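Below, read A as the first sequence line, B as the second, and so on, with proteins coming before strands; counting in each chain starts at 1. Just so it is clear, the structure is predicted and the values come from calculations on it, not from any experiment.
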Amino acid sequence: MPDTNVSPDTSAMPQSWPAGISRVPFWLYQDPEILRAEQRKIFEGPAWHFLCLEVEIENTGDYRTTAVGDMPVIVVRGENGAIHAFENRCAHRGALIAFANRGTVKDFTCVYHAWRYDLKGNLCSVAFQRGVAGKGGMPEDFRVEDHGPRKLRAETIGGLVFGTVDPAAPSLEDYLTPPIAAKIRRVFNRKLEVIGRFTQTLPNNWKLYAENIRDTYHASLLHLFFTTFRITRFNQAGGVTISEDGAHHASATIGRMEASDDVYKQQNIRSDDDEFRLNDPSFLDAVAEFGDDIQLQNVALFPATMLQQLHNSIAVRQTVPRGTDSMDLNWTFVGFADDTPDMRRRRLRQGNLAGPAGFVSMEDGCIGGFVQRGVAAASGENGVVEMGGRDATSMATRATEASVRGFWKAYRGLMGI
Amino acid sequence: MSAELLFRLSALNTAYAAAIDSDRLEVWPDFFVEDCLYKVTTAANHADGLAAGVIYADSRGMLMDRIAALRKANIYEPQAYRHLIGMPSILGHDAAGIHCETPFFVARIMRDGATTLFATGRYLDCLRDDGALRFVERIVVCDSSRFDTLLAIPL
Ligand code: FES
Ligand SMILES: [Fe+2]
């Protein structure tokens, strides 16, 4: 961590950054050069990125296309259960090797000039390599082994497939660290089933969403659904777990699940005021399915993966930057293969809590845009991130911005600024 | 008979659109039977048989709660819709009701005046006719799998 202001040499922006992690300069959300540097140092650096679910590529040849930042990626089930991931870029002229969202193939043939790749991403043949009727063809010394898209390492945890571009990255398990890996396994503990996929386009820099998901301070202040309808219990315990390097975060809200009627009896301060009662609170009737009293758990993995358990609504979110002031948020809602019909219905109903229309997530769709617009003329100013101190360590409260500081700690480390 | 039904369905959709577009959201649940299903999903999810919705309400109470949340709890920039709802195709009748499919366009008008095409798609409807037509099911299948910023007001 630098202890003086630093100025990366890549931009015309007023790039100073006070030392430490309790100030966040606004040019970070605006500078196209920093976005390019993030692609090189973070997305293609020694970090791991969610690619897909194992159940989405169950059989040999099943593939999905995804993205690691700007990099288009193919993730595919190979022989004997192996999972391969490689850049979705033909080694010939650079066309996408696969342009569908998913499919099942024996091998990949680029549509442009029919160069062919095996499931590991190795180039295996070049159309007309020997020419036609003795004319044309590739030079004698052309070797298919010398050409191919960049390969990613793929590893899994809890049925989630992650990839890293950097051969020097630690193993996925070491990257996540044991406390965070345990939070993932707590929820993702058996065979998954996809129940819905949605993409939300947010009008803000991807880092504003990375901060938002780690910002436990805002939850009860911006999202008023639970408090308005008297659902939050004042004695709910919880806290945040932050990995040593600051990169990863898990927040938990702990409380015993109770039938909605009881919850209302005990909590409804204005018990005779129907205006503040839900007509059908039964959608919040949750079942403790993970052997504990954690009602809400949000895990944020550096840089761009988030795992949500809101009662029985479980989802994976992936952020993909689309320029300095736009990003895609890809939601994959899941259940488990062994869900009863009742449990599945519960997940569908509790799905109303999150997503682009989520009762407690809708605001996160616009709040990043409010910041992006608010700081338009303030590239030389800084945001203040001091709630709960100036460092980034686990805390037994959610009234803290420790995890936001953790993000910047990891970010400054990887970016070298 | 069929011409009259077509006319009544079109009139219903016109009233439905007018209620939403003129911000009379409190009457929106009245277009549904008590034991209804209202879901906003995408063509891709629908084709894949994936059941989750961006909004998933399987009781009229949940529709009322959706509106109550928009009015009292949720925070979003002022915005309005303009629905253009096409001619319904009547697909058939069965014990559940009348089945039809109807295309729609929805423009979104933001606080600053920016008007954009927010969603296109089709309503997959099942309606009960007990003098008045009401939705047993309205599945909103958006053509795109992408939602811009957020979905607050129902489609
Ligand atoms: S670009 Fe792929 S074969 Fe030419
Ligand atoms: Fe939030």
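- With a 6.0 Å cutoff to the six-membered ring centre and a 45° limit on the axis angle, A:Arg317 does not count as a cation-pi contact of A:Tyr209.
- The cationic group of A:Arg190 lies under 6.0 Å from the six-membered ring centre of A:Phe336 and within 45° of the ring axis, placing it in a cation-pi geometry.
- The structure places CE of A:Met306 at 6.0 Å from CD1 of A:Ile213, a figure rounded to the nearest 0.5 Å.
- In terms of heavy-atom pairs under 4.5 angstrom with chain A, the leader among B:Ala73, B:Cys142, B:Ala152, B:Ser145 is B:Ala73.
- Here the CD1-SG distance, from A:Ile74 to A:Cys52, works out to 12.0 Å after rounding to the nearest 0.5 Å.
- Between B:Tyr16 and B:Tyr123, the two ring planes are perpendicular [angle over 60°; tilted spans 30° to 60°].
- For B:Asn45, the part sitting under 4.5 Å from any heavy atom of chain A is the side chain, from C-beta outward, and nothing else.
- Among the candidates A:Cys366, A:Gly355, A:Gly369, the residue making the largest number of heavy-atom pairs closer than 4.5 Å to chain B is A:Cys366.
- Heavy-atom pairs under 4.5 Å with chain A peak, among B:Leu50, B:Leu150, B:Asp65, at B:Asp65.
- Only the side chain of A:Phe283 has a heavy atom closer than 4.5 Å to any heavy atom of chain B.
- Side-chain rings of B:Tyr81 and B:Phe118 approach one another, their centers coming within less than 6.0 Å.
- For the pair B:Arg60 and B:Phe135, the cation does not sit on the ring face, since its NZ or CZ is not both under 6.0 Å from the ring centre and inside 45° of the axis.
- Contacts of A:Asp328 with chain B are made by side-chain atoms alone, with heavy-atom separations under 4.5 Å and no backbone atom involved.
- Note on A:Leu224, A:Leu348, A:Asn204, A:Leu202: by heavy-atom pairs under 4.5 Å with chain B, the leading option is A:Leu348.
- For a residue to count as touching a neighbouring chain, one of its non-hydrogen atoms must lie under 4.5 Å from one of that chain's; by this rule A:Leu329 does not touch chain B.
- With a 4.5 angstrom heavy-atom cutoff, B:Leu63 does not touch chain A via any of its atoms.
- If you measure heavy-atom distances from A:Thr228 to chain B, the contacts under 4.5 Å come from the side chain alone.
- Among A:His223, A:Glu193, A:Arg345, A:Arg344, the residue with the largest count of heavy-atom pairs under 4.5 Å with chain B is A:Arg345.
- Across B:Ile55, B:Asp58, B:Thr42, the residue that shares the most heavy-atom pairs under 4.5 angstrom with chain A is B:Asp58.
- Relative orientation of the B:Trp28 and B:Phe32 rings is perpendicular, given thresholds of 30° and 60° on the angle between their planes.
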